[in-house]
> 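So that we are looking at the same thing, I have put the structure below in structure tokens.
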Number of protein chains: 2
Amino acid sequence: MTAHPTTLGYALLGLLHQGPRSGYDLRKVFATTALGNYSSSPGAIYPALARLERAKLIDGRVDQARSLRPRMLYQPTKAGSAAMRRWLTQPISHEDVERRIDELMLRFAFLWILEDRRRTERFLVELAEQVDAYVTELKRQRSLHPPETPIQPRLALEAGIEQYQACARWARKALIAVRKERT
Amino acid sequence: MTAHPTTLGYALLGLLHQGPRSGYDLRKVFATTALGNYSSSPGAIYPALARLERAKLIDGRVDQARSLRPRMLYQPTKAGSAAMRRWLTQPISHEDVERRIDELMLRFAFLWILEDRRRTERFLVELAEQVDAYVTELKRQRSLHPPETPIQPRLALEAGIEQYQACARWARKALIAVRKERT
DNA sequence: TCGCACATGTAACGTGTTACATGATTCA
DNA sequence: TGAATCATGTAACACGTTACATGTGCGA
């Protein structure tokens with residue numbers, strides 16, 4: 001009951017906030033956009049949709065509009081929208097930054113659902129702070145490398161540092177862009 | 001038989017190339033370093049070690065050196081080293097860049113095992129090329145956004161673009177650093 | 001009529017997560 | 001004596017991957 005959807009579940013739930021879609025429609029989105037990183041293919045998507053429906057977070061009904069074959073069109077229920085809002089408004093944890101940065105980006109991409117610019121801004125501020133903190137931690141790790149460490153692991157750590165720094169820079173730039181936006 | 005180790009398996013196998021370690025030692029590495037991103041905790045590590053041993057890629061023997069309790073010390077077998085070398089020298093695929101970039105970084109971190117600077121250089125060249133290609137693809141996706149797209153998904157895609165660009169920049173910088181290295 | 005795109009699934013399998021179990025040693 | 005640390009695991013569970021199954025409508 002209190003079982004939360006997985007990242008894929010939230011991705012599907014989020015997409016359905018754009019309007020009713022069938023499983024096939026959703027698959028196409030995953031197949032053609034960068035969202036494809038969050039998995040793909042029928043074996044994951046159809047079961048995930050079934051789980052969301054069992055949890056009453058989405059509602060499926062048959063699209064009897066003519067055309068090809070009957071399709072199941074899903075849309076979020078009230079409970080589904082509420083679950084989505086809860087997920088979107090979670091605070092950004094240390095753990096999220098360290099190990100689930102792409103889930104954070106997914107959350108950000110769906111923040112439009114809230115129609116609350118302030119919330120988007122707060123997300124970016126928090127993200128920049130947390131990422132900065134993690135960069136500091138990574139730099140500390142770099143300083144702890146014993147001198148005989150080969151160059152490759154050193155450089156790999158460097159890569160991590162630079163990717164997170166890029167993320168922090170992006171967050172600050174995005175914050176400015178969001179503030180400029182007319183709503 | 002031809003079943004390949006998972007990313008976690010390769011991470012363990014790679015660490016064992018630094019010298020014999022126990023499961024506990026390995027857990028500590030995962031718990032305290034950035035490697036922790038590649039999972040953690042007994043429930044994953046001990047079974048992974050058991051699989052590697054069943055596949056004859058590592059060899060465990062009891063450390064009867066005094067001190068605390070008996071520990072199982074693992075080290076790679078010849079087959080294990082060969083499997084590692086095969087993994088490390090795989091070409092970098094489009095798919096790797098899109099969906100397994102952190103596995104690529106793990107591979108890079110373990111390239112020291114090959115003791116072949118050229119190989120490291122080639123890896124970085126290939127990576128930069130492939131990442132550039134993916135950045136191009138992401139920019140194309142950005143240009144395809146319909147004008148009414150909310151700002152958040154746009155910015156999220158922007159984040160992806162900038163992280164990959166940071167990765168490409170890093171690869172070129174790292175290439176220079178590796179070339180400078182005396183071996 | 002052949003094949004492809006549409007459309008929806010299921011089954012087997014391996015693996016990671018979480019939580020728990022067990023017992024020895026060291027230190028307060 | 002009790003707590004923390006060393007050290008190794010196991011069991012239940014859910015999820016994703018891969019591969020397969022099934023059938024319609026449309027265009028060449």
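Reminder, nothing fancy here: chain letters follow the sequence lines and each chain counts from 1. Since this is a predicted model, take the numbers as computed values, not measurements.
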> Kindly say whether B:Leu88 contributes a backbone atom to a donor-acceptor pair with the side chain of B:Arg119 at under 3.5 angstrom?
no

> Give the rounded distance in Å between these two atoms: CG of A:Asp102 and C1' of D:dG16.
15 Å

> Got a donor-acceptor contact below 3.5 angstrom from the A:Arg107 side chain to the A:Gln90 backbone?
yes

> Within residues 15-31 of chain B, find the residues that approach DNA chain D with a heavy atom at under 4.0 Å, and present them sorted by residue number.
B:Ser22, B:Gly23, B:Tyr24, B:Arg27

> When rounded to the nearest 0.5 angstrom, what is the spacing between CG in A:Leu8 and CG in A:Leu35?
9.5 Å

> Taking OH from B:Tyr38 and P from C:dG16, how many angstroms apart are they, rounded to a whole number?
14 Å

> How many Å lie between CZ on A:Arg61 and P on C:dT8, as a whole number?
14 Å

> Side chain of A:Tyr74 only, please: which of C:dA7, D:dG9, C:dG9 is the nearest?
C:dG9

> Within the sub-3.5 Å range, which N or O atoms of nucleotides 13-15 of chain C have a protein N or O partner, and how far apart are they?
{"unit_1": "C:dT15", "atom_1": "OP2", "unit_2": "B:Arg51", "atom_2": "NE", "d": "3.4"}

> When the distance from CG of A:Leu52 to C1' of D:dG16 is rounded to whole Å, what number comes out?
15 Å

> Against B:Met84, only a single residue in B:Leu16, B:Ile113, B:Thr89 fulfils side chain to side chain contact (heavy atoms under 4.5 Å, CB included); can you say which?
B:Ile113

> Within the distance-only criterion (no hydrogens, no angle test), does the side chain of B:Arg142 pair as donor or acceptor with the backbone N or O of B:Leu157 below 3.5 angstrom?
no

> For B:Tyr10 and C:dG16, what is the distance between atoms OH and P respectively, to the nearest whole Å?
13 Å

> My understanding is that only residues two or more places apart in sequence, or in another chain, count here; which of them pass side-chain hydrogen bond (donor to acceptor under 3.5 Å, both in side chains) with B:Arg140?
B:Glu137

> Can you classify the ring geometry of B:Trp170 versus B:Phe108 as parallel (below 30°), tilted (30 to 60°) or perpendicular (above 60°)?
perpendicular

> Can you measure B:Arg71 atom CZ to C:dT25 atom C1' for me and round it to whole angstrom units?
14 Å

> Only pairs under 3.5 Å count here: list side-chain donor-acceptor contacts from residues 91-99 of chain A, not counting sequence neighbours, and write none if there are none.
{"unit_1": "A:Ser93", "atom_1": "OG", "unit_2": "A:Glu95", "atom_2": "N", "d": "3.4"}
{"unit_1": "A:Ser93", "atom_1": "OG", "unit_2": "A:Asp96", "atom_2": "N", "d": "3.0"}
{"unit_1": "A:Ser93", "atom_1": "OG", "unit_2": "A:Asp96", "atom_2": "OD2", "d": "3.2"}
{"unit_1": "A:His94", "atom_1": "NE2", "unit_2": "A:Glu98", "atom_2": "OE2", "d": "2.6"}
{"unit_1": "A:Asp96", "atom_1": "OD1", "unit_2": "A:Arg100", "atom_2": "NE", "d": "3.3"}
{"unit_1": "A:Asp96", "atom_1": "OD1", "unit_2": "A:Arg100", "atom_2": "NH2", "d": "3.2"}
{"unit_1": "A:Asp96", "atom_1": "OD2", "unit_2": "A:Ser93", "atom_2": "N", "d": "3.1"}
{"unit_1": "A:Arg99", "atom_1": "NH1", "unit_2": "B:Gly36", "atom_2": "O", "d": "3.4"}

> Between the protein and nucleotides 17-19 of chain C, list the N/O to N/O atom pairs that are separated by less than 3.5 angstrom.
{"unit_1": "C:dT17", "atom_1": "OP2", "unit_2": "B:Ser39", "atom_2": "OG", "d": "2.3"}

> Could you tell me the separation between the OH atom of A:Tyr46 and the C1' atom of C:dT10, rounded to a whole number of Å?
12 Å

> Give the intermediate values and the outcome of salt bridge (charged side-chain N to carboxylate O under 4.0 Å, His left out) for residues B:Glu121 and B:Arg117.
CA-CA 6 Å; B:Glu121 292 174 12; B:Arg117 206 181 61 182; 3.3 Å; yes

> Take the protein atom CG of B:Leu73 and the nucleotide atom C1' of D:dC6, then report the distance between them rounded to whole Å.
14 Å

> Parallel, tilted or perpendicular: which describes the rings of A:Phe110 and A:Trp87, with under 30° parallel and over 60° perpendicular?
tilted

> Could you tabulate the donor-acceptor pairs under 3.5 Å formed by side-chain atoms of residues 53-61 of chain B, not counting sequence neighbours?
{"unit_1": "B:Glu53", "atom_1": "OE2", "unit_2": "B:Gly60", "atom_2": "N", "d": "3.3"}

